[in-house]
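Taking it in order: structure first as C-alpha cells, then the write-up.
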Amino acid sequence: MQDIFEFIFKFTLASKYNIRIYKFIYNIENQKTTKPMNPIEYIQKQDKHILEKVVQWRRHLHQHPELSFEEKETTKYIASVLDGMGIPYEQVSPTGLIGIIHGNGSSEKSIALRADIDALPITEENQHGYASLNKGVMHACGHDFHSSNLLGVAYLLNEIKHTLNGNVVLIFQAAEERIPGGASAIVESGILDRYQVQKVIGQHVSPQLPLGTFGFKSGYAMASSDEIYIDIMGRGGHGAQPQLNIDPVIISAQLLVGLQQVVSRYADPRIPSVLSFGKVIADGAANVIPTTVHLAGTFRTTDEQWRASALAKIENLIVQTVDAYGASAKIEIKRGYPTLYNNPSLTAEMQQLATNLYGAENSLSVPTWMASEDFAYYAQKYPALFYFVGTRNEEKGIVSELHTPTFDIDETIYERSVEFMFKGAVSVLQGL
C-alpha cells in the first residue's frame, strides 16, 4: 500500500498538484493511520493554482476600486468568491461582510483575520493592464492586496476545516480610509463576541520593506489620529491700511508657530507626537486682507492620556491666541482612530513563525509608524497583531509610497504572504 501511495503522490506532483487526487490520497492515508496530516504542512501540497487565483482576485479588485462606505460592488464580488468556496457570510454594515469557517466542532472559540476593502480618491498613473477603471479612485494603499490575500487564506483554511479545533472569522471590512471607519461598527455589532473571537490578526503592505520580508512591532505600533479644523474670523480690508483690520493671516501664522510648542514643550520626549497642518486657505489678494482664514491639520501620538491632554492644550491655545488679537475662532476637533497596540505574546509568536519559515533576515522588528489604522479598535478589545508585508522591489521599479498615484506591489509576494497568514492562523488557533 505504501508503494502505491508513493506512486500516486508522485503522479500528483507531476500533474500540477491536482487537488482532487491529493484529497483522495489524503483520505486514504487518514483511513490507514489514526494520525491526521498536520494542517501546517498542507500548503506544501496544495495545488499552486490558488496563487494564480489570488492574483486574479487582486487585479479585479484593483480595476474596480470604490471609496469608503461606497464599496457595494466590491462586497458583491467578495461574496461571489466566498460563495464559490462554500463559505457562509453575513453583513453587519451596508458594505463589507463577515465570513465564517467552522472547524471540527471540538471548540467554539475563534480567531479573526481582517482585511480592508476601500480605496482612495486618487487618479492612478500606472499603465499596467489592470489599472483602475474608475476615474479618480484607486487602490493606492494595498487594500486590494489585503482582501485578495485573505481570500487565498480562506480557501486554504476551508480545505482543512475538519482539522481545525476552532473557527475562523474572516473580516472584509469597509471604510478604513475615512473617519469614523468601519472597524468600530463591527466591534460594536457584537458579532465577534458571538463567535467567541479570542484574537485578531491583520496585515498591511509596506513599500519601505524589501520584498519577502515581514515587519513586527510589539506594543504601540501605530499612532492615534485626530483632525483639527479652525476658522479664524477677523476683519478684512485693504492691505495698505492694516490698522483698520484684524488680520487673520498674521494670526494664523502666529498660531501655526505657537501650536508647535504643544509638542516641543509639553509632550514627554519619550512619547512620539506629530502635529501637522496641511491646509491653509486665506482667500484674499496681494492687497486684500481676507476676513477669514481656514486651517486643517492632524495630531498623532501613541499615548492615549497625552492625546487627551494635548487636544485640550491645542484648543486652549487657539482660543487664547485668537482672542489676544481681537478675532474669533470656530474650532472642530474630530476624534479619529485610537493608538494601535500589538499584543506582545501574539507578536512574538508570529514573528518567531516568520523567522522559522523565512529566516531571521526576513523577520524584522520595525519602529512605530505614525500613520493610523482603525484596526486599533479590534486591538482595544481583543489581543491583536497588525504586521507588515514587504513589497518593495527596486529591480522592477516597484518603489512608490502608499497613497501615491504610482503605488503598486510585486505580486510574487503572495507565495509568502498567503502561506504566512495561513500557517499563522492555524498555529494561533491550535494554541487557544
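When a residue number appears, it is its place in the shown sequence, counting from 1.
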Quick note, salt bridge (Lys or Arg N to Asp or Glu O under 4.0 Å) partners involving residues 55-66, not counting sequence neighbours, are Arg58-Asp144, Arg58-Asp408, Arg58-Glu411, Arg59-Glu411

Where the side chain of Asp374 meets the backbone of Gly182, is there a donor-acceptor pair that is under 3.5 Å apart?
yes

Query - Ser147 side chain to Leu61 backbone, donor-acceptor under 3.5 Å - result: no

request  = For Ser110 and Tyr195, indicate whether the former's side chain and the latter's backbone hold a donor-acceptor pair under 3.5 Å.
outcome  = yes

- Task: State whether the side chain of Ser427 and the backbone N or O of Lys423 hold a donor-acceptor pair below 3.5 Å, judged by distance alone.
- Result: no

Notebook entry, point to check: Going through the checks in order, is the side chain to side chain contact (heavy atoms under 4.5 Å, CB included) test met by Arg114 and Glu176?
Noted result: CA-CA 11 Å; Arg114 179 268 203 170; Glu176 185 278 325; 3.4 Å; yes

Steps toward side-chain hydrogen bond (donor to acceptor under 3.5 Å, both in side chains) verdict (Tyr378, Gln173):
CA-CA 12 Å; Tyr378 304 114; Gln173 180 212 300; 2.8 Å; yes

Is Arg392 salt-bridged to Glu394, going by a charged N under 4.0 Å from an acidic O? yes

Residue set satisfying ring-ring contact (aromatic ring centres under 6.0 Å, His included) with Tyr229, at least two apart, ordered chain then number -> none

Hits for side chain to side chain contact (heavy atoms under 4.5 Å, CB included) against Asn134, two or more places apart or cross-chain, chain-then-number order -> Pro65, Ser132, Val137

Worksheet item: Are a donor atom and an acceptor atom from the side chains of His162 and Asn104 found within less than 3.5 Å of each other?
Response: no

Residue set satisfying side chain to side chain contact (heavy atoms under 4.5 Å, CB included) with Glu188, at least two apart, ordered chain then number -> Ser184

From the list Met370, Lys217, Glu373, Arg300, side chain to side chain contact (heavy atoms under 4.5 Å, CB included) with Met222 holds only for Glu373

Thr213 (side chain) donor-acceptor with Pro210 (main chain) under 3.5 angstrom: yes

Gln91 meets the side-chain hydrogen bond (donor to acceptor under 3.5 Å, both in side chains) criterion, sequence neighbours left out, with none

Self-check item: Min side-chain heavy-atom separation Phe172-Leu82 under 4.5 Å
Solution: yes

Test side-chain hydrogen bond (donor to acceptor under 3.5 Å, both in side chains) on Glu304 and Thr339 and set out the steps. CA-CA 7 Å; Glu304 289 296 322; Thr339 301; 3.0 Å; yes

Sequence neighbours excluded, the answer for side chain to side chain contact (heavy atoms under 4.5 Å, CB included) partners of Ser68 is Asp118, Ala175, Glu177, Arg178

Heavy-atom nearest pair, Val197 first then Ala112, reads CG1-CB, 4.0 Å

ring-ring contact (aromatic ring centres under 6.0 Å, His included) pairs touching residues 351-371, sequence neighbours excluded, are His204-Trp369, Phe214-Tyr358, Trp369-Phe388

Q) If you measure only the distance, is there a donor-acceptor pair under 3.5 Å linking the side chains of Thr347 and Asn342? A) no

Taken in chain and number order and not counting sequence neighbours, the residues that satisfy side-chain hydrogen bond (donor to acceptor under 3.5 Å, both in side chains) with Thr292 are none

Practice problem: Report yes if some heavy atom in the side chain of Val200 is under 4.5 Å from a heavy atom in the side chain of Ile111; otherwise report no. | Solution: no

I'd like to know if Arg194 pairs up with Glu108 as an ion pair, taking the criterion as any Lys NZ or Arg NE/NH1/NH2 lying under 4.0 Å from an Asp or Glu carboxylate oxygen. no

ring-ring contact (aromatic ring centres under 6.0 Å, His included) filter on His60, not counting sequence neighbours, yields His64, Tyr77

The ring-ring contact (aromatic ring centres under 6.0 Å, His included) partners of Tyr341 (sequence neighbours excluded) come to Tyr220

* To do: Apply the test side chain to side chain contact (heavy atoms under 4.5 Å, CB included) to residues Leu151 and Leu170: give CA-CA distance (whole Å), side-chain angles for both, the deciding distance (0.1 Å), then the verdict.
  => CA-CA 9 Å; Leu151 287 170; Leu170 310 168; over 6 Å; no

Salt bridge or not between Lys396 and Asp410? Use side-chain N to carboxylate O under 4.0 Å. yes

> Can any side-chain N or O of Asp193 pair as donor or acceptor with the backbone N or O of Gln196 at less than 3.5 Å?
Replying inline: no

Just by distance, do the side chain of Asp226 and the backbone of Gly336 share a donor-acceptor pair under 3.5 Å? yes

**OP:** Indicate yes or no for a side-chain donor-acceptor contact from Ser224 to the backbone of Thr301 under 3.5 Å, with no hydrogens or angles considered.
**Re:** yes

Set out, in order, the CA-CA distance, both residues' side-chain angles and the distance that settles ring-ring contact (aromatic ring centres under 6.0 Å, His included) for Tyr337 and Phe375, then state yes or no. CA-CA 9 Å; Tyr337 305 152; Phe375 184 88; over 10 Å; no

### Query
So, the side chain of Ser189 versus the backbone of Ile186: is there a donor-acceptor pair under 3.5 Å, distance only?
yes

Q. Does Lys76 pair with Glu73 as a salt bridge, N-O distance under 4.0 Å?
A. yes

* How about Ser264 and Gln261: does a side-chain donor come under 3.5 Å of a side-chain acceptor? -> yes

Does the side chain to side chain contact (heavy atoms under 4.5 Å, CB included) test come out yes or no for Cys141 and His146, once each step is laid out? CA-CA 9 Å; Cys141 200; His146 304 157; 5.9 Å; no

Notebook entry, point to check: Considering residues, nucleotides and ligands other than Lys330, do more than 12 of their heavy atoms fall under 6.0 Å from its NZ?
Noted result: no

Is there a donor in the side chain of Thr406 and an acceptor in the side chain of Glu401, or the other way round, less than 3.5 Å apart? no

Is there a donor-acceptor pair closer than 3.5 Å between any side-chain N or O of Asn343 and the backbone N or O of Leu385? no

Residues passing the side chain to side chain contact (heavy atoms under 4.5 Å, CB included) test with Glu395, sequence neighbours excluded, are Asn393

Residue pairs passing the ring-ring contact (aromatic ring centres under 6.0 Å, His included) test with at least one member in residues 87-139, sequence neighbours excluded, are His62-His128, His62-Tyr130, His128-Tyr130

